[in-house]
Amino acid sequence: MTHTIRTATADDAGALAALAAVTFPLACPPSSSPADIAAHLANTLSEEHFKGYLADPDTTILVIDTDGQLNGYSLLVDRPATDPDVASVLTLLPSVEISKCYVHPDYHGLGAAAELMHSSLQAAAASGSAGAWLGVNSQNARAIRFYEKSGFHKVGTKSFRLGSTVEHDFVLERPLPCSSFGHRRRQ
């Protein structure tokens with residue numbers, strides 16, 4: 001399968017929401033209720049929300065594009081962590097959050113996720129940040145292995161509300177390679 005990884009545009013909002021509806025449930029613990037998952041999709045990953053993310057100057061969305069079909073995406077947030085549980089454990093500052101990194105199940109095991117992560121880390125490094133961080137459900141062993149292979153290590157925990165349930169996430173962090181682009185530093 002031939003694909004490209006590119007920065008998403010406003011025209012991608014609907015396709016991103018459709019992809020999120022397929023990929024987000026795969027990252028949820030088996031005990032997650034369909035109602036909680038549906039509420040999260042509606043309240044966070046709808047087409048309107050993606051339009052907002054795409055308009056936010058501190059947010060970058062990268063997509064895996066296969067002839068116009070989106071098969072993966074990552075959402076990077078380039079601003080300080082506001083969650084006190086996260087802010088207290090990060091050591092590589094400034095840091096970019098990899099808020100979402102999902103690949104369509106048809107692309108699992110083909111190296112697409114590793115390519116997307118590599119591109120995401122390059123984009124984060126181009127911002128001039130020292131590190132990248134993400135939250136991953138503590139029960140998602142497959143994702144944890146992938147992130148560890150991508151150079152992340154556990155630095156703490158945080159809570160994540162999924163509808164009526166409070167989930168427990170690991171906070172993972174990794175250093176970013178120095179970039180000759182961007183060198184913007186935040187205080």
Side-chain angles (χ1 to χ4, degrees), residues 5 16-46 49-50 53 59-64 70-92 95-121 123-124 129 131-176:
I5 296 177
L16 283 162
L19 180 59
V22 172
T23 58
F24 177 74
L26 300 174
C28 296
S31 60
S32 300
S33 78
D36 285 346
I37 291 171
H40 184 78
L41 289 168
N43 296 327
T44 308
L45 299 172
S46 69
H49 284 93
F50 275 107
Y53 301 141
T59 300
T60 300
I61 300 177
L62 300 178
V63 295
I64 298 174
L70 301 188
N71 289 301
Y73 75 99
S74 62
L75 190 149
L76 288 69
V77 180
D78 186 12
R79 61 179 158 253
T82 57
D83 182 319
D85 291 334
V86 174
S88 69
V89 297
L90 295 180
T91 61
L92 302 168
S95 191
V96 171
E97 177 187 10
I98 301 180
S99 172
K100 292 149 189 43
C101 186
Y102 297 121
V103 173
H104 192 282
D106 291 348
Y107 266 56
H108 288 182
L110 301 176
E115 286 182 62
L116 180 60
M117 179 57 74
H118 178 76
S119 294
S120 299
L121 294 171
S129 291
W133 73 273
L134 55 85
V136 59
N137 187 277
S138 60
Q139 297 179 43
N140 193 338
R142 181 179 180 159
I144 293 166
R145 279 192 307 275
F146 171 75
Y147 295 136
E148 288 173 343
K149 285 174 95 175
S150 299
F152 287 88
H153 64 279
K154 182 181 168 191
V155 294
T157 60
K158 71 179 189 81
S159 296
F160 172 78
R161 180 159 292 282
L162 180 62
S164 61
T165 307
V166 175
E167 298 292 343
H168 302 286
D169 286 3
F170 292 140
V171 177
L172 307 179
E173 179 181 50
R174 69 153 285 163
L176 292 170

Worksheet item: Taking all atoms of both residues into account, what is the closest heavy-atom pair of Val86 and Ala81, and its distance?
Response: CG1-CB, 3.7 Å

Discussion item. Test side-chain contact (heavy atoms from CB on, under 4.5 Å) on Phe152 and Met117; report intermediate values, then the result.
Written reply: CA-CA 11 Å; Phe152 287 88; Met117 179 57 74; 3.9 Å; yes

Worksheet item: So do the side chains of Ile64 and Val103 get within less than 4.5 Å of each other, counting heavy atoms only?
Response: yes

Worksheet item: Okay, side chain of Ser119, backbone of Leu116: is any donor-acceptor separation there less than 3.5 Å?
Response: no

Worksheet item: Is the His168 to Phe160 ring centre distance short of 6.0 Å?
Response: no

Worksheet entry | For Val77 against Ser99, the heavy-atom pair lying closest together | CG2-CB, 4.1 Å

Fill in: Where Leu76 and Ala124 come nearest, the two heavy atoms and their spacing
CD2-N, 3.9 Å

Worksheet item: Under the 3.5 angstrom rule, does the side chain of Asn140 hit a backbone N or O of Val136 as a donor-acceptor pair?
Response: no

Item to complete: Could you pull out the closest heavy-atom pair between Leu121 and Ala132, with the gap in Å?
Response: CD2-CB, 4.1 Å

Fill in: Min side-chain heavy-atom separation His49-Thr44 under 4.5 Å
no

Discussion item. Looking at His108, I want to see if its NE2 is surrounded by more than 12 non-hydrogen atoms of other residues, nucleotides or ligands under 6.0 Å.
Written reply: yes

Worksheet item: Between atom OG of Ser95 and atom CG of Leu90, what is the distance when rounded to the nearest 0.5 Å?
Response: 5.0 Å

Worksheet item: Is there a donor-acceptor contact under 3.5 Å from the side chain of Asn137 to the main chain of Asp169?
Response: no

Discussion item. side-chain hydrogen bond (donor to acceptor under 3.5 Å, both in side chains), that's the test. Do Thr59 and Asp78 meet it? Break it down for me.
Written reply: CA-CA 6 Å; Thr59 300; Asp78 186 12; over 6 Å; no

Worksheet item: Does any N or O in the side chain of Glu173 come within less than 3.5 Å of the main-chain N or O of Leu92, such that one atom is a donor and the other an acceptor?
Response: yes

Discussion item. When you compare the side chain of Pro80 with that of Thr82, does any pair of heavy atoms fall below 4.5 Å?
Written reply: no

Worksheet item: Does the His104 side chain pair with the main chain of Leu19, one donor and one acceptor, at a distance under 3.5 Å?
Response: no

Practice prompt. State, with a plain yes or no, whether a side-chain heavy atom of Leu16 is found less than 4.5 Å away from one of Val63.
Written response: yes

Fill in: Side chain proximity check, Lys154 to Glu148, heavy atoms < 4.5 angstrom
no

Fill in: Partner of Tyr73 under ring pair (Phe, Tyr, Trp, His ring centres under 6.0 Å), chosen from Tyr102, Tyr107, Tyr53
Tyr102

Response to the item:
In this structure, CG of Leu45 is separated from CG of Leu75 (nearest 0.5 Å) by 9.0 Å

Practice prompt. Flag the pair Asp36 / Ser33 as yes when at least one side-chain heavy-atom distance between them is below 4.5 Å, and no otherwise.
Written response: yes

Practice prompt. Taking all heavy atoms of Ile98 and all of Leu134, pick out the closest pair and write down the distance.
Written response: O-CB, 3.3 Å

Item to complete: Kindly indicate whether the side chain of Lys100, heavy atoms from C-beta on, has any atom under 4.5 Å from the side chain of Thr23.
Response: no

Practice prompt. Might you point out which heavy atoms bring Ser159 and Asp83 nearest each other, and give the distance in Å?
Written response: O-OD2, 4.4 Å

Worksheet item: Within the distance-only criterion (no hydrogens, no angle test), does the side chain of Arg174 pair as donor or acceptor with the backbone N or O of His153 below 3.5 angstrom?
Response: no

Worksheet entry | Spatial distance of atom CG (Leu172) from atom CH2 (Trp133) [nearest 0.5 Å] | 10.0 Å

Discussion item. Could you check whether any side-chain heavy atom of Gln139 comes within less than 4.5 Å of a side-chain heavy atom of Cys28, counting everything from C-beta outward?
Written reply: no

Worksheet item: Does Ser32 reach the main-chain N or O of Pro29 with its side chain, forming a donor-acceptor pair under 3.5 Å?
Response: yes

